[in-house]
Amino acid sequence: MAYAYDDQNIFARILRGEIPNSTVMETDHTLAFNDIAPQAPVHVLVIPKGAYVTLDHFAAQASEAEIVDFHRVVARICADLEVAPGMGGAGYRVISNAGGDGVQEVPHYHLHILGGRPLGRMLAKAV
Ligand code: AMP
C-alpha cells in the first residue's frame, strides 16, 4: 500500500512560501519553526522538506541524507534552545502524532519539540 500525500496541507504551503512561518532553523532537507499555538515555552516543529506523511513513511522512504539531516537539526535545536540534558538543559519531549488514533492534524511528517517547563506525565489517562 502506498502513502498518499496531500500537497495542500498547511506545512506543504509553508514549504512553498505561500504562508509565513517563524523559522528556527533551515537546511537543504529540513525546516524547523515555532508552533503557532505553543503548549510550552519551547514548542518547535521540525519537518522534512520532502513529501512524507508520518514518521513511519519518512523512516521507510526518505534518503539517508534526509534522515541524518533531520535528526541533526533536532540535536542543534535542543542545544541552541538549551533544553538538551546532556548539555546542562532541563530536558524536553519529542512527540510525533500519526494518523487518526495519533490525532495528527497536519498530514506532513513533523516532530514537536517541547520544553522549557516540567511537562507532566507522557499521556493523559484514556477518556
Ligand atoms: P499535529 O496534531 O501533530 O498534526 O499538530 C499540528 C501542529 O501544527 C499543531 O500544534 C498546530 O498548532 C501547528 N500549526 C498549525 N498551523 C500552523 C502554522 N501555520 N504555523 C505553525 N504551526 C502550526
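Heads up: numbering here begins at 1 and tracks the sequence. Whatever order the structure lists them in is the order used to number ligands and atoms, beginning at 1.
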Single-linkage hydrophobic cluster, 4.5 Å side-chain cutoff, L31 and Y52 together: no
Atoms of ligand 1 close to V103 [distance to a heavy atom under 4.0 angstrom, numbered from 1]: 2 (O)
Check: P48 main-chain N/O paired with H108 side-chain donor or acceptor under 3.5 Å: yes
Under 4.0 Å to a heavy atom of H112 - the qualifying atoms of ligand 1, by number: 1 (P), 3 (O), 5 (O), 7 (C), 10 (O)
4.0 Å heavy-atom contact, N21 with ligand 1: no
Nearest-contact summary for atom 10 (O) of ligand 1 - protein heavy atom, Å: D35 OD2, 2.5 Å
Nearest non-hydrogen partners of Q39 and L114, listed with the distance: CB-CD2, 4.4 Å
Where C78 and I113 come nearest, the two heavy atoms and their spacing: SG-CG2, 4.1 Å
Expected output: side-chain K49 to main-chain E66 donor-acceptor under 3.5 Å: no
Shortest protein contact, atom 1 (P) of ligand 1 (heavy atom only): H110 NE2, 3.2 Å
I95 heavy atom under 4.0 Å from ligand 1: no
Geometric N/O contact V106 with ligand 1, under 3.5 angstrom: yes
For atom 17 (C) of ligand 1, closest protein heavy-atom neighbour: I36 CG2, 3.6 Å
